[in-house]
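Read the structure below first, then the notes.
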Protein chains: 2
Amino acid sequence: MLTIGQLAARAGVTVRAVRHYHQRGLLAEPERDASGYRRYTAQAVVDLIRIKTLADAGVPLARIDQLLGAEPEEFAQAVADIDRALAKKARELNRHRRRIAALAAGDRLFISDEMAQILDRQRAMNFSEQMIRIERDVLIIIEALSPESIPAVVATKNAALDDPEFVRVYHALDEAIDWDPRDPRLPALAADVAAWAAGRPQEDAISADTVSLMLSRSLEFSPAWRRLLQLQ
Amino acid sequence: MLTIGQLAARAGVTVRAVRHYHQRGLLAEPERDASGYRRYTAQAVVDLIRIKTLADAGVPLARIDQLLGAEPEEFAQAVADIDRALAKKARELNRHRRRIAALAAGDRLFISDEMAQILDRQRAMNFSEQMIRIERDVLIIIEALSPESIPAVVATKNAALDDPEFVRVYHALDEAIDWDPRDPRLPALAADVAAWAAGRPQEDAISADTVSLMLSRSLEFSPAWRRLLQLQ
DNA sequence: GTTGACACTGACGCAGGGTCAGGGTCGCAC
DNA sequence: GTGCGACCCTGACCCTGCGTCAGTGTCAAC
């Protein structure tokens, strides 16, 4: 006759696990001795090893319960099911690993390489870190809400950065971030921006919803920009 | 300003998840409006997307907390850690899948192929299903507690099944399973078994502990066998 | 003023146990 | 006979990442 500790050691599980299996009804509760200790026979060792074998194979305890008494056909069916579930899990895990592997430092964490290159270009052009953070956040929003428009956005943005006039206007906007909303220079800047925008075709690649979110993200930061928008 | 439902929809998570992130301190609690509803800015969308990106990559929430504010070096280190953890999980999963794939119907579930073949041989020799179940349980115990002795056991057992004298004695034991322990034929059977055993070398491949467990498993089943052992 | 969709908090549930807390028992040594 | 360490008992809370009630309040529209 074995105590619970001996049984557990023989099957290679913990005492706690054995009690857990009792509670789940997987393993029959054995007789108790005079002091209330559980006393096990060799049969329990066999039963426990069968449970452990299935559990080690990744079968959920609820399934093990049904499987232990199952007929071969039923059993084969269940094994196939479980394998499907495991295969799915494995695919998930691999997706996760690929994503983790793709994670680099800094900005590149949440946006694609092409997007990150845009930020790098802007850094090289001496835009402020504040401006670049806003840009990054906007790109994050685009990646999340409008992934299909990424190529268009990347192309448009790169073209814009090739355009000295855009760069000039953008630098002016950058400088205006911290201005007081009553700053007298704002109306002139608004006119400047409007003049530049007038020469550009409208982009339709992104939904109005996404645009409004991007806009509000930008405007949260700068009271001066909010004023600018009113001046348009 | 967004409600929790709008925020959740924009980031592609559930409302419940957002509240959970608040509770975990991952996402800052926003201002409430007059009725106590949470009101979010676009910043929250960005923050939530960052959280979701990491969570989708399989980073535990507790880790995300530390990562969101981490410096690039720290971050790279953590990413490496997480990838190691994921790789380990993936290996585990694959082990599970291999084991599951190896699971066939019936007896073969818990014992190796070679072991299962022994049971098949015994079935072909018309041993009772009761006897075969006991044998199976004994083999399960051996696989679990003495895996290193499996080849020796398989060899010995196959040799024994090749020996007509052993098969005769074993059939006699099989028939005796259900006998009353006071059955008058038992002493003769005991002598028969003893005579056969005397001609055999003792196997030392299996520890005394395992042997005693196997023996008790066998004896649990049959009072007549218990009597036989006393008669030795 | 009623309806349906949303919001709020709080609590329980899941898998598979780990880890106390607060006892009782066993076996051996002195 | 008693002291000690190693077991055993039950019960209850802890972990992850939310899902899913329950019971109540609020918003917007008809």
Side-chain angles (χ1 to χ4, degrees), chain A residues 1-27 29-40 44 48 50-68 81-82 85-86 88-89 92-93 95-96, chain B residues 1-27 29-40 44 48 50-68 81-82 85-86 88-89 92-93 95-96:
Chain A
M1 291 304 245
L2 306 168
T3 67
I4 197 170
Q6 293 166 338
L7 170 69
R10 259 155 245 261
V13 303
T14 64
V15 170
R16 181 66 178 83
V18 174
R19 287 204 264 250
H20 189 59
Y21 296 153
H22 283 317
Q23 215 186 316
R24 301 289 309 258
L26 282 181
L27 188 62
E29 279 277 4
E31 305 281 295
R32 306 296 181 113
D33 67 11
S35 61
Y37 288 15
R38 294 180 180 85
R39 290 298 179 172
Y40 297 91
L48 185 50
R50 280 157 45 100
I51 292 170
K52 184 193 187 252
T53 301
L54 290 169
D56 280 355
V59 181
L61 297 194
R63 245 13 220 299
I64 292 179
D65 198 13
Q66 306 157 14
L67 281 185
L68 285 177
D81 285 357
I82 290 163
L86 284 182
K88 193 175 160 198
K89 262 194 176 177
E92 288 276 291
L93 243 180
R95 261 197 333 110
H96 287 168
Chain B
M1 290 305 240
L2 306 168
T3 66
I4 196 169
Q6 292 165 339
L7 169 69
R10 260 156 245 262
V13 304
T14 64
V15 170
R16 182 64 181 88
V18 175
R19 287 205 265 250
H20 188 59
Y21 297 153
H22 284 316
Q23 213 186 319
R24 299 290 309 260
L26 282 182
L27 189 61
E29 279 278 4
E31 305 281 296
R32 307 294 183 114
D33 67 12
S35 61
Y37 287 15
R38 294 178 179 85
R39 290 298 178 171
Y40 297 91
L48 186 51
R50 279 157 44 99
I51 293 169
K52 184 194 185 246
T53 301
L54 290 170
D56 280 354
V59 181
L61 295 193
R63 247 10 224 299
I64 293 179
D65 198 12
Q66 305 155 15
L67 281 184
L68 285 177
D81 284 358
I82 289 163
L86 285 182
K88 194 175 158 198
K89 261 195 177 176
E92 290 274 292
L93 242 181
R95 264 199 327 112
H96 287 168

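Per chain, numbering begins at 1; letters A, B, ... match sequence-line order.
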Rounded to the nearest 0.5 Å, what's the gap from CG on B:Leu61 to NE2 on B:His20? Could you check? 5.5 Å

Nearest heavy atom decides the nucleotide; on that basis, is A:Tyr21 or A:Tyr37 closer to the 5' end of DNA chain C? A:Tyr21

In whole angstrom, give the distance that lies between atom CG of B:Leu26 and atom C1' of D:dT16. 13 Å

Tell me the interatomic distance from A:His22, atom NE2, to D:dC9, atom P, rounded to whole angstroms. 8 Å

Any chance you could measure A:Leu27, atom CG, to A:Ile64, atom CD1, to the nearest 0.5 Å? 11.5 Å

Among A:Leu48, A:Thr3, A:Leu2, which residue satisfies the side chain to side chain contact (heavy atoms under 4.5 Å, CB included) criterion with A:Tyr40? A:Leu2

Quick check on DNA chain D: between A:Ile4 and B:Ala34, whose nearest nucleotide comes earlier from the 5' end? A:Ile4

If you round to the nearest 0.5 Å, how far is CG of A:Leu54 from CZ of A:Arg63? 11.0 Å

Tell me: CG of B:Asp33 to P of D:dG25, nearest whole Å? 16 Å

Is the phosphate of D:dC27 approached by B:Ser35 (side-chain N or O, under 4.0 Å from OP1 or OP2)? yes

CG (A:Leu26) and CG (A:Leu67) are apart, to the nearest 0.5 Å, by 10.5 Å

Please give, in whole Å, the distance from D:dT20 P to B:His20 NE2? 15 Å

Say you draw a straight line from CZ of A:Arg19 to OG1 of A:Thr14; how long is it, rounded to the nearest 0.5 Å? 9.0 Å

If you look at every strand shown and take non-hydrogen atoms under 4.0 Å, does A:Arg32 touch a base, only sugar-phosphate, or nothing? sugar-phosphate

Has A:Glu29 got more than 12 heavy atoms of other residues, nucleotides or ligands less than 6.0 Å from its CD? yes

Report which part of the nucleic acid A:Arg19 touches: base, sugar-phosphate, or nothing (heavy-atom distance under 4.0 Å, all strands). base

Name the first nucleotide and the last nucleotide along DNA chain C (5' to 3') that come under 4.0 Å of a heavy atom in chain A. C:dA15 to C:dC26

Please report, rounded to the nearest Å, how far the P atom of D:dC13 is from the CD atom of A:Gln23. 14 Å

Expressed as a whole number of angstroms, how long is the span from A:Tyr40:OH to D:dC7:P? 16 Å

Can you tell me if the side-chain N/O atoms of B:Arg16 get under 4.0 Å from OP1 or OP2 in D:dG17? no

Please compare B:Gly36 and A:Leu61 by the position of their nearest nucleotide in DNA chain C and report the one closer to 5'. B:Gly36

Name the residue closer to the 5' end of DNA chain D, choosing between B:Ala62 and B:Arg39 according to the nucleotide with the nearest heavy atom. B:Ala62

Between C1' on D:dC7 and CG on A:Leu7, what's the gap in Å once rounded to a whole number? 14 Å

